[in-house]
Amino acid sequence: MDTIFSCQELTFSYSFGNVNIEALRGVSMDFQKGKFYCLSGPSGSGKTTFLNVLGLIEDIQGGDIEFEGKRFRNLKEEDKNYIRRNQVGFIFQHFNLFPVLSAEENIEFFLVRQGVPKKERTDLVHKALKDVGLWDHRDKRPLEMSGGQRQRVAVARALTKRPLVIIGDEPTASLDQKTGKEIVNLLKNLSDEYGASIILSSHDTMVHEFAEELVILKDGRLT
Amino acid sequence: MLFSLAFRNLARNFRRTLAMVLTIGIGTGALLVFKGFNVGIMNQYRDNTIHARYGHGQINMKGYHNSVYEKPWKHWIEDYDSLKKNLSKVPGVKLLFPRVNFFSLLTNGEMNISGKGQGVDGSAEFSFFNTLNIVEGKNLSDEKEGIILGKGLARALNAKIGDRITVLGSTIYGSMNAVDTYVTGIFHTGSKEFDDSVFRIQLDLAHLLLDTKKVESVSLGMKGLGLWKSIEDFVADSDIDLESIPFHVLDKVYYQHSVDWLDAQFGVIQIIILVIVILGIFNTVSTSILERRQEVGNLRANGESRIEVLKLFSNEGFLVGVFGAIFGIIVVYAINLSFLKDGILMPPAPGLTRQFHVKIELQEWMAVQTFIIGTVTSFVATFLASLRVINQKISDLLRSV
């Protein structure tokens, strides 16, 4: 199996008030293509920081990551934007949908930004809406939908970008257990179909059960 | 789609957008009204200068206006009839007002007061010089022996309307002469020196007193503004050595200085209004953008560059600017055509005793200029407010609630 992320000796620290927190202390691991990973560990163990560094949301401080033949350290801003726009899909705990756009438009938005032609875009969006079971709700805006429906839109939005990897930070934390399970199940099934790797962080053992590999972090180190 | 998103974001928070539109609208409207008011005031000044004293300008012998002569009549225009004939043919010329100035004594039989006389064509001037501030009686028209006196001069002579006044002077040949007049009006210009010494009689009477047919200058009433060039061309081509002086040069102290002063004042107030609008928009937009940090984080996390995000907010600022500026301009035009159609009643201006209406004179270039200012102001304020957010780290933006 090919490697999608190869992390070497990642270190990351940030200040919280007067306290310097070392969120990652020399993390090295490879993520394989098409596999479902779940990062787990206690609060403050470095899960979110690790995901942020993988998704280029945080700049690398120490160590390096190799992704599709590119090294993240010293990557140009436009290259980072390209990767974030085309190769990584994000799912957030609080959904982060555009409140003024309908479900369909939310899914379509980043495809427009990718420059996908209208016809192809429409086909992709319609397929995704059907895949996540929101075809009848496609004209609704986020505030008119339940939390589970919103997260389905977020999943569809992340997948239609056709990314190599989907990164999700606690995507089920705002949902009840049943809905959370539906979302993770949906994500797993669709990622298989769309051919994307999944890296989620979660405390939830239900999510852990779906993962093909559970990665435990503690105090910024892999255990 | 960024533009569509910007539009929808504005529609989403209607109250805030309305506040921003109103801020821009009020600022743009205030600028437009102030510009229109200034133009109105300046036009009033200009009309007052033209229709009270100078006409659109005057012609005299070359160098005469800025010189002092022992025997000024030697430098007056010899053949006015011929000049009148030629001037009447010049495009744009409507009326000619030949004038002479002279010094004399005025007497009512009890006291003698020296004064500066002006011989004018009363019939011609009556209709054109209609803003002279007459405080008693009426302006000189076709009364052959009529005289109008400055307020101070009339007080010194204790003269009332209808009183007989004898004007004593010397002819251009040096012999004494006198003409009898009766008071038809008393005027007040606000210039004490002028009001204490100046009187006007008919030009024919002045010619009789001075024993000459020469005229000192010819004031002109043109068919419109901007036609003075034809007079300058006429003077340049004339066989006689003449000079033409437009009204704003003749009345540099009162008119031109007022225009310059108002222009400078307007510049300062325009800056103040712009700063207030920028601060108002900046404050409102900052609050709005700070509340949308997570949205910015989402955009950035999905590959939008800082410039693209800046474009999104700038689009919103631009749209608000367009709506606000159009709103402000429409409201100002509507008010000007309804409530202010007769202008704003102003207290007497310096030199006048009567109130007058200043019209808000709106011109297309002002609407275009204020539209651009309003739109650009909104754009700049939004741009500045956005800079604070887009430079934050994506992770910090995503964490904000």
Side-chain angles (χ1 to χ4, degrees), chain A residues 12 14 16 23 48-59 76-102 105-106 108-116 118 121 141-143 154 157-158 160-161 163 167-170 174, chain B residues 1-18 20 285 287-317 319-320 323 382 386-387 389-401:
Chain A
F12 194 95
Y14 58 88
F16 191 78
T48 297
T49 304
F50 194 16
L51 288 180
N52 285 347
V53 172
L54 290 173
L56 286 168
I57 283 174
E58 294 279 12
D59 288 333
K76 287 180 188 168
E77 192 61 31
E78 55 261 39
D79 293 329
K80 289 181 191 171
N81 288 337
Y82 177 84
I83 291 170
R84 287 196 291 252
R85 175 174 286 176
N86 297 296
Q87 295 179 311
V88 180
F90 290 96
I91 300 173
F92 303 102
Q93 179 183 343
H94 298 292
F95 325 122
N96 281 14
L97 302 176
F98 296 109
V100 293
L101 301 182
S102 67
E105 289 165 333
N106 261 290
E108 188 183 12
F109 184 83
F110 290 117
L111 296 182
V112 176
R113 306 301 298 156
Q114 282 180 328
V116 177
K118 173 75 180 163
R121 209 164 65 215
R141 293 191 177 183
L143 286 176
R157 183 175 69 175
T160 49
K161 281 173 67 178
I167 293 174
D169 189 9
E170 302 278 3
S174 297
Chain B
M1 199 156 190
L2 270 185
F3 216 76
S4 163
L5 187 63
F7 192 85
R8 291 191 202 190
N9 273 325
L10 293 177
R12 166 190 170 198
N13 203 328
F14 182 72
R15 278 189 184 178
R16 177 172 296 145
T17 303
L18 186 66
M20 288 158 70
V285 172
T287 311
S288 164
I289 291 174
L290 284 174
E291 285 177 6
R292 291 166 58 193
R293 277 186 296 177
Q294 207 172 56
E295 182 183 327
V296 176
N298 186 23
L299 285 163
R300 296 275 293 119
N302 280 285
E304 299 299 329
S305 64
R306 287 186 175 89
I307 300 291
E308 293 296 330
V309 178
L310 206 53
K311 268 190 202 169
L312 171 69
F313 286 117
S314 299
N315 283 345
E316 291 183 22
L319 282 173
V320 167
F323 292 140
T382 312
S386 310
L387 280 179
V389 170
I390 61 155
N391 284 322
Q392 289 182 19
K393 286 167 65 177
I394 300 174
S395 54
D396 291 340
L397 291 167
L398 287 169
R399 264 198 295 272
S400 16
V401 179

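Protein chains get the first letters and strands the later ones, always in sequence-line order, with residue 1 at the start of each. On a predicted model such as this, the values are computed, not experimentally measured, just so you know.
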Which atoms of A:Pro99 approach chain B - backbone, side chain, both or neither, heavy atom under 4.5 Å: side chain
Among A:Phe98, A:Phe90, A:Phe109, the one residue meeting side-chain contact (heavy atoms from CB on, under 4.5 Å) with A:Arg157: A:Phe98
Under 4.5 Å from a heavy atom of chain B, the part of A:Phe92 involved: side chain
Shortest non-hydrogen separation from A:Leu101 to A:Pro142 and the atoms involved: O-CD, 3.1 Å
Best-contacting candidate, A:Asn96, A:Asp169, A:Asn86, against chain B by heavy atom pairs under 4.5 angstrom: A:Asn96
Heavy-atom proximity to chain A below 4.5 Å, by part of B:Arg300: both
Contacts of type salt bridge (charged side-chain N to carboxylate O under 4.0 Å, His left out), residue B:Arg16, not counting sequence neighbours: B:Glu291
A:Glu77 portion near chain B, given a 4.5 angstrom heavy-atom threshold: side chain
Within-4.5 Å side-chain heavy-atom neighbours: B:Val296 and B:Glu304: no
Pair B:Ser305-B:Glu308, side-chain donor/acceptor within less than 3.5 Å: no
Atom group of A:Lys80 that falls short of 4.5 Å from chain B, counting heavy atoms: neither
